[in-house]
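See structure below.
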Amino acid sequence: MGTQDSSTEGIDTTLFITVSGPPGCGATTLCERLADAMGCPYVSGGDIFRELAEDRDMSLNQLTAKADESDEIDRALDQRLQQIAEKWGMANKPFILESRLAGWLAGDRADLRIWLDAPEDVRLERIDDRVETEAEMRVREVSEAGRYQSYYEIDIDDQTFYDLYINTARWSKRGVFTLVKAAIEEYDPELDEGAFSTPTLDP
């Protein structure tokens, strides 16, 4: 039996995958491994949000506060992510979209929707070396949840429509990747009919 690390194994697929979860859930790590294994790009909503902050010479906390005052920033971000989802949803090529609303924004274009989570203390430890502080993370989570409810009537804590839910605190980074890899390889599009249908949001 081979000893090849599963994180380096390729995945032959054309699936459009969304990955969602709160800060520190392990989404970035998983997406990087998946993108490498699938040989495809991925887009992160967090990176786009940071770009918006840099463009405005603002901190993440400042931009979050500004987003609370007006829906302009959120709408622009969501519209861009939805346009990306529309493009890749029709491409029949592998792609990964990562953001808190990725599954909702992609709607029925996504083949596999993944939600990652972990207890708060674990997530706080993981973001220890980030620019964003613990207080800023908590403010951002509460703020985003309120805006999602206000704009789209989405309860971000409701994960019932996701295809795969993983508590990343119970698995190593390799273990999380291995679980997702197995789900991708066992994906059967014929079983998708009659599955949860999510509306495409209109930012």
Which residues share a side chain to side chain contact (heavy atoms under 4.5 Å, CB included) with T168, sequence neighbours left out: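 Once residues adjacent in sequence are excluded, the partners of T168 under the side chain to side chain contact (heavy atoms under 4.5 Å, CB included) criterion are L116, A118, R126, I166, V176.
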Counterpart residues, side chain to side chain contact (heavy atoms under 4.5 Å, CB included), relative to R80 (two or more places apart):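 Side chain to side chain contact (heavy atoms under 4.5 Å, CB included) list for R80, sorted by chain: I48, E51, I84.
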[X] to [Y] - nearest heavy-atom pair and separation:
X: A169; Y: P119; result: CB-CD, 3.6 Å
X: P23; Y: R100; result: CD-NH1, 4.0 Å
X: M38; Y: L15; result: CE-O, 3.9 Å
X: V19; Y: A102; result: O-CB, 4.1 Å
X: Y165; Y: N167; result: CE2-N, 4.1 Å
X: A85; Y: F16; result: O-CE2, 3.5 Å

Straight-line distance of [X] [atom1] to [Y] [atom2], nearest 0.5 Å:
X: R50; Y: S44; atom1: CZ; atom2: OG; answer: 6.5 Å
X: T18; Y: Y42; atom1: OG1; atom2: OH; answer: 14.5 Å
X: D163; Y: Y187; atom1: CG; atom2: OH; answer: 8.0 Å
X: L105; Y: Q79; atom1: CG; atom2: CD; answer: 11.0 Å
X: L63; Y: I73; atom1: CG; atom2: CD1; answer: 4.0 Å
X: E86; Y: Q82; atom1: CD; atom2: CD; answer: 5.0 Å

Would you mind reporting whether [Y] and [X] have side-chain heavy atoms less than 4.5 Å apart?
X: L81; Y: L101; value: no
X: L52; Y: M58; value: no
X: L124; Y: E120; value: yes

Pair R33 + D36: basic N to acidic O under 4.0 Å: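 No, no charged N to carboxylate O under 4.0 Å.
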Salt bridge flag under 4.0 Å for residues D108 and R113: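 Salt bridge: yes.
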Positive for side-chain contact (heavy atoms from CB on, under 4.5 Å) with V180, one of I17, L34, I11: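 Among I17, L34, I11, the one meeting side-chain contact (heavy atoms from CB on, under 4.5 Å) with V180 is L34.
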List the atom pairs, donor and acceptor, that lie under 3.5 Å between side-chain atoms in residues 88-97 and the rest of the protein, sequence neighbours left out.
none

Within 6.0 Å of CG in D55, more than 12 heavy atoms from elsewhere: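 More than 12 within 6.0 Å, yes.
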Within 6.0 Å of CG in D121, more than 12 heavy atoms from elsewhere: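 Counting other residues, nucleotides and ligands, CG of D121 exceeds 12 neighbours.
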Hydrophobic cluster identity match, L179 and V122, side-chain contacts under 4.5 Å: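 No; tracing contacts between hydrophobic side chains, which count when under 4.5 Å, never links both residues.
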